[in-house]
Amino acid sequence: MDVDTRLLRYFAVVAEEGSLTRAAELLYVSQPALTKQIRRLEAGLGVDLFTRSRTGMALTEPGRALAERVPALLSGWETALRETRGAASRAARVLRVGFLASAANEATQPIIAEFARRRPGWRAEMRQASWSNPSAGLADGDVDVALVRLPFPGQEALRLLPLFSEPRRVALAASHPLAARETIAFRELWDEPFVAAPPETGRWREYWLAADERDGHPVRVGAVTEHPDDWLTAIANGYGIALAPESAARFYTRPGVVYRPVTGVGPSRVAVAWDPADDDNPVVRDFVRCCRDRHPDRPGGPDGT
């Protein structure tokens, strides 16, 4: 049987937590979806991996046997995948750079130009990720380095060099009653429907809904989108409002959408991120230095300089 590594990841978390509820929270998936995937794995293997009860999920004997092997198997696969993709990039003299939305704003092109100067013959290939992938492909090994917005799920496993921060604004339909205001207090927006990222993005979604800055007030979600164009369309059509970086007013203009300063929420932070396995990769180090040099007030890169 061919097994999807995603199923093994799900299994490993459920085995570790002993609870579908806690595992679903950690994996940023719904509990019914996780239950379905575990049953799919069991059906494919032809064995019961868990004994289910009101107190949780207990491993069966076959489940314990699989649980002992899965961590090493997944680690080996991740290493093989990263090394294979990295070798292909090195052979092509391409550095794969993931990014979200406006990347590092106006500093992006100077960073790329400086990288080309430092690494003649190399090319920084920019790969835009959807908002359902807030690590911009880095967590999956699809890119070598990424320009990201903090916070996002799994960032603790990566190296991060914060570059700059900028205020958040609120994006509204031009016809919205508050659109004529020069500044809006976030408290006035608590009862508004918001355009949100997909639920599986976890901390990323919660941050852009400012869930921690509502004093426990519940969030209303009017629409869910993954891409800037869909996001702008939902706002223009009045399905909801959204928080956005201040730079969105420059990079994401759309008739019918306005951006207004908002008080009562913290800023958005931009960072360059890379895998710890690439701490000694000279090409990744050079790219991080380029990012740092565009923001000289930042601390050091992968070599601490």
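All residue numbers refer to positions in the sequence shown, counting from 1.
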Could you go through Arg269 and Tyr207, starting from their C-alpha distance and side-chain angles, then the distance that decides it, and tell me whether this counts as side-chain contact (heavy atoms from CB on, under 4.5 Å)? CA-CA 11 Å; Arg269 294 178 294 149; Tyr207 180 78; 5.8 Å; no
Checking Arg22 against Glu16 for the salt bridge (Lys or Arg N to Asp or Glu O under 4.0 Å) test, could you report, in this order, the C-alpha distance in whole Å, the side-chain angles of both residues, the deciding distance, and whether it holds? CA-CA 10 Å; Arg22 290 197 299 272; Glu16 176 71 21; over 6 Å; no
Salt bridge (Lys or Arg N to Asp or Glu O under 4.0 Å) between Arg285 and Asp278, intermediate numbers included: CA-CA 8 Å; Arg285 287 159 63 105; Asp278 284 325; over 6 Å; no
Are Thr263 and Ile184 close enough, and set up right, to give a side-chain contact (heavy atoms from CB on, under 4.5 Å), and what steps lead you there? CA-CA 6 Å; Thr263 61; Ile184 303 169; over 6 Å; no
Could you check Glu125 against Arg127 for salt bridge (Lys or Arg N to Asp or Glu O under 4.0 Å), going step by step and ending with a plain yes or no? CA-CA 6 Å; Glu125 181 179 275; Arg127 299 187 176 185; 2.6 Å; yes
Please walk me through it: do Trp122 and Val94 pass side-chain contact (heavy atoms from CB on, under 4.5 Å)? CA-CA 6 Å; Trp122 278 75; Val94 170; 5.6 Å; no
From CA spacing to verdict: side-chain contact (heavy atoms from CB on, under 4.5 Å), Val148, Phe99: CA-CA 6 Å; Val148 295; Phe99 72 99; over 6 Å; no
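Rounded to the nearest 0.5 Å, atoms CG (Asp191) and CZ (Arg220) are 7.0 Å apart. The CG atom of Asp144 lies 4.0 Å from the CZ atom of Arg96; values are rounded to the nearest 0.5 Å. With values rounded to the nearest 0.5 angstrom, Thr35 atom OG1 is found 6.5 Å from Met57 atom CE. With rounding to the nearest 0.5 Å, the separation of CG in Leu158 from CD in Gln155 is 8.0 Å. Atom CG in Leu147 sits 9.0 Å away from atom CG in Leu100 (nearest 0.5 Å). Distance check, rounded to the nearest 0.5 Å: CG of Leu8 to CD of Gln37 gives 11.5 Å.
Centroid-to-centroid, the aromatic rings of Phe50 and Phe11 come within less than 6.0 Å. Between Trp208 and Trp131, the gap from one ring centroid to the other reaches at least 6.0 Å.
The heavy-atom pair separating Ser165 from Pro267 by the smallest distance is CB-CB, 4.2 Å. Here the closest heavy-atom approach between residue Val145 and residue Ala273 is recorded as CG2-O, 3.2 Å. Taking every heavy atom of both residues into account, Gln109 and Asn105 meet most closely at OE1-O, 4.5 Å.
Using a distance-only test at 3.5 Å, with no hydrogens or angles considered, no donor-acceptor pair links the side chain of Thr201 to the main chain of Trp204. A donor-acceptor contact shorter than 3.5 Å links the side chain of His176 to the backbone of Leu178. Between the side chain of Arg260 and the backbone N or O of Ala179 there is at least one donor-acceptor pair closer than 3.5 Å. Remark: side-chain polar atoms of Tyr259 are paired, donor with acceptor, to backbone N or O of Tyr252 under 3.5 angstrom.
Of the charged side-chain nitrogens involved, at least one lies within less than 4.0 Å of a carboxylate oxygen, so that Glu246 and Arg169 count as a salt-bridged pair. Using a 4.0 Å cut-off between charged nitrogen and carboxylate oxygen, Lys36 and Glu42 do not count as a salt-bridge pair. A salt bridge is absent between Arg119 and Glu114; no separation between the charged side-chain nitrogens and carboxylate oxygens falls under 4.0 Å. With respect to Arg64 and Glu68, no salt bridge is recorded, no charged nitrogen being found less than 4.0 Å from a carboxylate O.
Taking 4.5 Å as the limit, some side-chain heavy atom of Val14 sits within range of a side-chain heavy atom of Leu20. At a threshold of 4.5 Å between non-hydrogen side-chain atoms, the residues Asp215 and Trp190 count as touching. Considering only heavy atoms from C-beta on, Leu189 comes within 4.5 Å of Ile241 through its side chain. Using a 4.5 Å heavy-atom threshold, the side chains of Glu188 and Arg181 count as touching. Looking at heavy atoms from C-beta onward, Leu49 lies out of side-chain contact with Ile38 at the 4.5 angstrom threshold. Residues Leu209 and Leu243 form no side-chain contact, since every pair of their non-hydrogen atoms from C-beta on lies 4.5 Å or further apart. Side-chain contact between Gln31 and Leu34 is absent, with no heavy-atom pair separated by less than 4.5 Å. Leu138 is not listed as a side-chain neighbour of Asp140, based on a closest heavy-atom distance of 4.5 Å or more.
Of the N and O atoms on the side chains of Ser268 and Arg149, at least one donor lies less than 3.5 Å from an acceptor on the other residue. Ser247 and Glu166 are linked by a side-chain donor-acceptor pair at a separation below 3.5 angstrom, with hydrogens and angles left out of the test. At a cut-off of 3.5 Å, with distance as the only test, a side-chain donor of Ser132 or Glu226 sits close to an acceptor on the other residue. A donor atom on one side chain and an acceptor atom on the other are not found under 3.5 Å apart for Arg250 and Ser102. Looking only at atom types and distance, the side chain of Asp279 has a donor-acceptor partner in the side chain of Trp274 under 3.5 Å away. For the residue pair Thr60 / Asp48, no side-chain donor-acceptor distance below 3.5 Å is found, with atom types taken as modelled.
In the hydrophobic clustering of ILVMFWY residues, with side-chain heavy atoms under 4.5 Å counting as a link, Tyr239 and Val221 come out apart.
For Asn237, the CG atom sits in a packed shell: over 12 heavy atoms of surrounding residues, nucleotides or ligands are nearer than 6.0 Å. Arg52 CZ: more than 12 foreign heavy atoms inside a 6.0 Å radius.
Judged by the 6.0 Å distance and 45° axis criteria, Arg214 is not positioned over the aromatic ring of Phe186.
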